[in-house]
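Since the structure comes first, as structure tokens, the remarks are kept for the end.
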Protein chains: 2
Amino acid sequence: MTGPITTGTDLARLRELNSLSVVRALRGNPPSTVTELASRTGLSRPSVDLITQILVSEGWATVIEPTGSSVVGRPARRYQFNAAAGYVIGVDVGVHKILGLVADLDGTVVHTVRRQVAPDADPQVRLAALDRAIADCFTKTKLAPDDLWALTVGVTGPVDATGRTTLFTPLPGWSAVDPVAYLTARYPCPVYVENDCKLAAVAERWHGVAQDADDIVYVLAGMRTGAGLILDGTLRRGYGGAAGEIGALRAVRWLTAPSHLENCPGAPETISPDDKAAWVFTTARAGNADAQTAVRRYVRDLAVGAAALVLALDPQVVVLGGGFSRSADLILEPLHRELQRLCLRVPEIRASTLGDESVALGALRLSLDEADQRMLSTGLSALSAARRS
Amino acid sequence: MTGPITTGTDLARLRELNSLSVVRALRGNPPSTVTELASRTGLSRPSVDLITQILVSEGWATVIEPTGSSVVGRPARRYQFNAAAGYVIGVDVGVHKILGLVADLDGTVVHTVRRQVAPDADPQVRLAALDRAIADCFTKTKLAPDDLWALTVGVTGPVDATGRTTLFTPLPGWSAVDPVAYLTARYPCPVYVENDCKLAAVAERWHGVAQDADDIVYVLAGMRTGAGLILDGTLRRGYGGAAGEIGALRAVRWLTAPSHLENCPGAPETISPDDKAAWVFTTARAGNADAQTAVRRYVRDLAVGAAALVLALDPQVVVLGGGFSRSADLILEPLHRELQRLCLRVPEIRASTLGDESVALGALRLSLDEADQRMLSTGLSALSAARRS
DNA sequence: AGAGTTTCGCTACGGTCTTGCTGAAGTCTA
DNA sequence: TAGACTTCAGCAAGACCGTAGCGAAACTCT
């Protein structure tokens, strides 16, 4: 109650806020004239003019001198956000694969790395593969170490505040490693480690099927089952980073739900357990009764946990993601029926369309958020630098 | 992406922000000198001086001229937030009672009304009783209608955005009434209706046992069982206002959990069902095996829903409220054991100490939040008024 | 080539915050 | 009791920011 109040706003901070406002008006838009920016930000033209000049001199924006344009009147100089001022990386460290994405500050992906990893690989082997994937990102895009502004890695299992997965993880031996420490020693930028379901949820809100929603329950349906929560537009981690782990409750049959698919009678013994689910779905689609029963039982078990999350949070949208979301045509409708039976108010249910890149995309988004933070703080230095000149 | 950006900050808004900052530095603190306010807000003394003068001229603050002080140096004039500039009301409309609280803008309760209502009362009777309770608040405190800045009412059952409880409520006939429309027609101030568990959760964070926590699961344990969620310091309503209604899931035995206490063998038939729980708790405390079994079974059922919420949200604290929280000595320890069995990470569990005023207190807090909003918007008019003089 | 239109660059003006200084009102000490 | 010391109140100057408005420049259309 008696603590200091940080809202002490002076003129420098006002300038900072307005600079940020201009940057936001630049980003994600085509090259803009000063007048356009002024109307978008609500600021006056001279203010925007001054700010853009500072932004250009600091390397945040580039000028596009007018070419022969088609409109009447003097053609306006156009400014563009300099997305190449920095780059970010998002990596998905899965059981079978490592997928890395490099993007510029606009979020445009400029490089993709995909590597296979043995499911039973040692943590050291997996870390080394991760390291090589990141190194590949650097060499292929000709990045200097200082060009990387943030690095986010997605792993399976609840991640605590320090980036470790001490409670539980299906990655063998991973609970003993400290990936944040490993990576911060190698790369001179902020490093984050986050749970894969949470990242996939972030991706769905960024570029997926839930861009319009602020309250989202993301359900990862695959050989593992998990959940990620977005409430009020921001990712919920929970006090210990274990939010969404409803599957740990025995009454919720998420741990054993995929076994209905794996143990479906009639499946050929020759195919691997991982491919068995795909076989069940295609066979069920063809009309096989055993396969349809297996799917029904799977959805019934999946729905219990989903219903618990829906009742607890009352989201706007439930997003079905993970490997099984490719068979959403078989899952969505019975899942909706089950939720109608179990819940008070049934939210919209949508199937993910991001495929297996969702976790890496979410990691990218988190890295971009970190980059935004950095832009905000260095925007202040840009101000004071301009003041001296 | 191309929408207008609202962060266009000009000098008037800066002044507004700083005025608000000074108001916040005044509120909840003892009468303060200008120097103290300057250090608290981070602004300079002349700025604070100017703003306080405006605040005093607008009636937001009062001056305390220095009396003979004990410190060295010239004694400072002190400013105090004028909490009597407005009042707010919070009401708990329960099954058995209606409890109303009146408070000034500092949140200091100046009047309390308590009325009994028959559990089976018609909605019209209940509304009329609510109306009389509010009228009593006005007459006893000699308030003018314009002195009331906000009115919040807590009811049982999930409340939608319009303040109605169409999904479900134990108040007979209440799902058909529109309390917001009823009250806005009578009182010239914003009116809010909110779920009782959510309000109780807010109260625990405001004046209760969870003041230090930002992520709270509040469990109402009484003849009814419910939950309220606070995440990141703000109340979670859910997209349709039905967040926390985990009790609707049949696998969670919250609906039937209290029956273990009601149907405890050995209880005298003469006492009412409502008092039976109290009898069971006292008897269990005395060592009766049947009563202890009933309590154990009750806690086991209570824990399933609590575990679902804990696993879903990973809160910092679980607060046990409701009528049964008076018997927390019997509940807390077995509840902790059960959660340890069911959850990945067990949060702290604390028992509420607010008694049966928690819902009304939470309603008061929501009214105060609305009052803060109004202060922010009228603070702008105070600025422009001062500019003209 | 001239008129019309739109943008750019520049200057003046009003508002806000900070810094620095002077006088005022107390307390402490000799 | 008088002087020194401390702290507060008020004023003035300076710096900074955003807004308003004007003339000049550049391009298109007739």
Side-chain angles (χ1 to χ4, degrees), chain A residues 7-22 25 31-56 63-79 379-380 382-389, chain B residues 5 7-22 31-56 63-79 379-380 382-389:
Chain A
T7 327
T9 311
D10 65 347
L11 288 160
R13 179 154 172 71
L14 185 130
R15 198 356 132 55
E16 188 188 346
L17 285 170
N18 283 346
S19 301
L20 194 75
S21 163
V22 171
S32 312
T33 68
V34 173
T35 317
E36 286 169 6
L37 291 173
S39 81
R40 274 210 282 271
T41 55
L43 301 173
S44 71
R45 203 169 44 76
S47 291
V48 175
D49 195 58
L50 214 72
I51 290 172
T52 48
Q53 282 175 19
I54 296 175
L55 289 176
V56 169
V63 188
I64 302 179
E65 289 301 335
T67 63
S69 70
S70 59
V71 293
V72 181
R74 176 176 177 172
R77 191 182 299 168
R78 289 182 177 275
Y79 293 89
L380 188 134
L383 161 74
S384 44
R387 186 191 296 169
R388 288 191 195 90
S389 66
Chain B
I5 291 171
T7 327
T9 311
D10 66 347
L11 288 161
R13 181 154 170 71
L14 185 133
R15 199 354 141 51
E16 188 188 346
L17 285 170
N18 282 347
S19 300
L20 194 75
S21 162
V22 171
S32 312
T33 69
V34 173
T35 317
E36 286 169 6
L37 291 174
S39 83
R40 272 209 284 269
T41 55
L43 301 172
S44 70
R45 213 183 35 248
S47 291
V48 175
D49 196 56
L50 213 72
I51 290 172
T52 48
Q53 281 175 18
I54 296 175
L55 290 176
V56 168
V63 188
I64 301 178
E65 290 300 336
T67 63
S69 69
S70 59
V71 294
V72 179
R74 175 175 178 171
R77 191 182 300 170
R78 289 182 178 274
Y79 293 88
L380 187 134
L383 161 73
S384 43
R387 186 193 296 169
R388 286 190 196 94
S389 65

Selection: residues 31-38 of chain A, any non-hydrogen atom under 4.0 Å of DNA chain C: none
Under the salt bridge (Lys or Arg N to Asp or Glu O under 4.0 Å) test, residues paired with Arg77(B) that sit two or more places apart: Glu65(B)
Ile51(B) and its side-chain contact (heavy atoms from CB on, under 4.5 Å) partner, picked from Ile54(B), Asp49(B), Leu55(B): Leu55(B)
Closest non-hydrogen atom pair between Leu37(A) and Ala25(A), with its separation: CD2-CB, 3.8 Å
side-chain hydrogen bond (donor to acceptor under 3.5 Å, both in side chains) partners for Thr35(A), two or more places apart: none
Those residues that, when tested against Ser47(A), pass side-chain hydrogen bond (donor to acceptor under 3.5 Å, both in side chains) (two or more places apart): Ser44(A)
Axis deviation across the helix from dA1(C)-dT30(D) to dA30(C)-dT1(D), five-pair ends, to the nearest 10°: 10°
Under 3.5 Å, which protein N or O atoms sit close to an N or O of nucleotides 23-25 of chain C? Give each pair with its distance.
{"unit_1": "dG23(C)", "atom_1": "N2", "unit_2": "Arg74(B)", "atom_2": "NH1", "d": "3.3"}
{"unit_1": "dA24(C)", "atom_1": "N3", "unit_2": "Arg74(B)", "atom_2": "NH1", "d": "3.4"}

Side-chain donor/acceptor of Arg45(A) to base of dG18(D), under 3.5 Å: no
Thr33(B): side-chain hydrogen bond (donor to acceptor under 3.5 Å, both in side chains) partners, not counting sequence neighbours: none
Ser21(B) side chain vs Leu17(B) backbone, donor-acceptor pair below 3.5 Å: no
Length of the line joining Leu43(A):CG and dC16(D):P, which is rounded to integer Å: 20 Å
Residue list, side chain to side chain contact (heavy atoms under 4.5 Å, CB included) with Leu20(B), at least two apart or on another chain: Arg24(B), Leu376(B)
Residues which pass side-chain hydrogen bond (donor to acceptor under 3.5 Å, both in side chains) with Thr52(A), listed by chain and number, not counting sequence neighbours: none
Atom-pair distance (CZ on Arg15(B); C1' on dG18(D)), nearest Å: 16 Å
